[in-house]
Protein chains: 4
Amino acid sequence: MKRNEFQLRVNFGDTDTAGIVYYPNYFKWFDIAGHQFFRSIGLPPLKLMKEQNIILPLLHADCTFERPLYYDDIITIKTVVEEIKQKTIKLRHEVFRGETRTGYGFEVRGWVKESEGRIFAVPIPDDVRELLEEEGMGECAQTNPWLHA
Amino acid sequence: MKRNEFQLRVNFGDTDTAGIVYYPNYFKWFDIAGHQFFRSIGLPPLKLMKEQNIILPLLHADCTFERPLYYDDIITIKTVVEEIKQKTIKLRHEVFRGETRTGYGFEVRGWVKESEGRIFAVPIPDDVRELLEEEGMGECAQTNPWLHA
Amino acid sequence: MKRNEFQLRVNFGDTDTAGIVYYPNYFKWFDIAGHQFFRSIGLPPLKLMKEQNIILPLLHADCTFERPLYYDDIITIKTVVEEIKQKTIKLRHEVFRGETRTGYGFEVRGWVKESEGRIFAVPIPDDVRELLEEEGMGECAQTNPWLHA
Amino acid sequence: MKRNEFQLRVNFGDTDTAGIVYYPNYFKWFDIAGHQFFRSIGLPPLKLMKEQNIILPLLHADCTFERPLYYDDIITIKTVVEEIKQKTIKLRHEVFRGETRTGYGFEVRGWVKESEGRIFAVPIPDDVRELLEEEGMGECAQTNPWLHA
């Protein structure tokens, strides 16, 4: 299955009153990693929205927290397709500081069409399915994803 | 000039690595207080958007930070119209913990119309101007603003 | 088991580029609801930290998203103890707009002691367990939790 | 005066109900750019905290918003020292999408020592002042700042 990874730094405002990363930030990172994953396989979510009225709303998300993260930590988020159903895609995201995994979780996203103000799930096209099922990294496999158009 | 106030609690994730409120949160509170102010005078931003295609984008914002705020602090945000120009409204927001002011600042918002995908500032209508210039609290002057429709 | 509920409003910045609530905000609300729950049973997290060096870090969180939420929606978050183990507490949170549930999920928090710069899970005291197992709403059962000290 | 710059991407959750960047995010970016600036001149805020008990709290921040920013925009934040007083540093931050400036603002930060639970402003050391006054980019002048240790 396709995968991708990138790195970012824990910011000063990302921690909570206990001095460790405020847990909802994991889900922000998962969301960013998910969008970056779709960019990396040539399916930028913005293009899907503009050209095909396809959006990828969350149906389910979860995270298991294993180790605390702190300000200034540099983390790597490793994303891989976990499962493809008829109208949904499940991504697994793992967060590492160096060699240590600090948490991991899953996002289940629908393949959803907007039409005349309504939204409804539609089958994932075969060419998209093939892209997702390929082995290897996406085209922006570099660890700095920020500047990949 | 019209004014409004409400209270909220500093949440666990609102602080930074130094254990005090992360300063961009002041601007979130200003934004929330600004929206609440417009609700309190019978001009909910959502209604302005839907019925008149009017949005109130920020042109300028600033804040002076006077005292640290901590997790669990209950704060009161006092909002008042500072100045009305032809196409802009300036609000002053002051943040208090009990009797102590911890910071204050200003938001300058445009009165902006969306039409056919373009946006442009338009003159503030006279009836809106009169509402803004009245003395006293808006109709949801209670300190819990959350549930005021 | 003990339960609690409160209401809040979806803010202008809580939505995403698709115009619906950005999903990590559900986890912010769960975190706020979790803290509010502990306040409601007389165990404010700040007091636990200061008086007993007890913190309640997340071990796991998940959310199932059922309906979109929009700017200005007023939501009720209903929290109940789902399960108590020796060193962990599982809370269930459900989010409603009026009678419609828009999403629900779980937080598993550890009962963790900080001592000499280290943290380790410790057994939940019997009196805390009894409090959690009681039927009924906590003492701040009102839907506006913000100002409950 | 010293300067620095870096780039980032506008995320899916960074926009508001009007579809443009939610303005408090400008201040998040200023905060991140400020921290990155200090890293770039060899004074990482984390090191200042741990080794010298020096923190750099905000005294004032402001921003002028010139153009809307949208999801997926890649922006460059250009930071430069604007003014150094005895106990404060003023940074100017400008945000660009390509050649177009979309907003700019200032942060005034104190040079503040923590000692025995109290904090108080102290004079900026001469060697720090010299570093700040030098012309040119800091050592991590590259536009991807995320991975600079």
Only pairs under 3.5 Å count here: list side-chain donor-acceptor contacts from residues 115-132 of chain D, not counting sequence neighbours, and write none if there are none.
{"from": "Arg129(D)", "atom 1": "NH2", "to": "Lys85(D)", "atom 2": "O", "distance (Å)": "3.3"}

Please list, one pair per line, the donor and acceptor atoms closer than 3.5 Å that link side chains of residues 47-54 of chain C to other protein atoms, with sequence neighbours excluded.
none

**Asked** Under 4.0 Å between a Lys/Arg side-chain N and an Asp/Glu carboxylate O for Arg92(D) and Glu82(D)?
**Response** yes
**Message:** Strictly less than 4.5 Å between heavy atoms, which residues of residues 101-112 of chain D line up against chain C? Please order them by number.
**Reply:** none
Which side-chain N or O atoms in residues 67-74 of chain D pair as donor and acceptor under 3.5 Å with protein atoms at least two apart or in another chain?
{"from": "Tyr71(D)", "atom 1": "OH", "to": "His35(A)", "atom 2": "ND1", "distance (Å)": "2.6"}
{"from": "Tyr71(D)", "atom 1": "OH", "to": "Arg39(A)", "atom 2": "NH2", "distance (Å)": "3.4"}
{"from": "Asp72(D)", "atom 1": "OD1", "to": "Arg39(A)", "atom 2": "NE", "distance (Å)": "3.3"}
{"from": "Asp72(D)", "atom 1": "OD1", "to": "Arg39(A)", "atom 2": "NH2", "distance (Å)": "2.6"}
{"from": "Asp72(D)", "atom 1": "OD1", "to": "Arg9(D)", "atom 2": "NH1", "distance (Å)": "3.1"}
{"from": "Asp73(D)", "atom 1": "OD2", "to": "Tyr70(D)", "atom 2": "N", "distance (Å)": "2.8"}
{"from": "Asp73(D)", "atom 1": "OD2", "to": "Arg97(D)", "atom 2": "NH1", "distance (Å)": "2.8"}

**Complete:** Only residue of Ile32(C), Thr76(C), Thr79(C), Ile75(C) satisfying side chain to side chain contact (heavy atoms under 4.5 Å, CB included) with Phe6(C) is Ile32(C)
**Message:** Looking at Lys78(C) and Glu94(C), is any side-chain nitrogen of the basic one under 4.0 Å from a carboxylate oxygen of the acidic one?
**Reply:** no
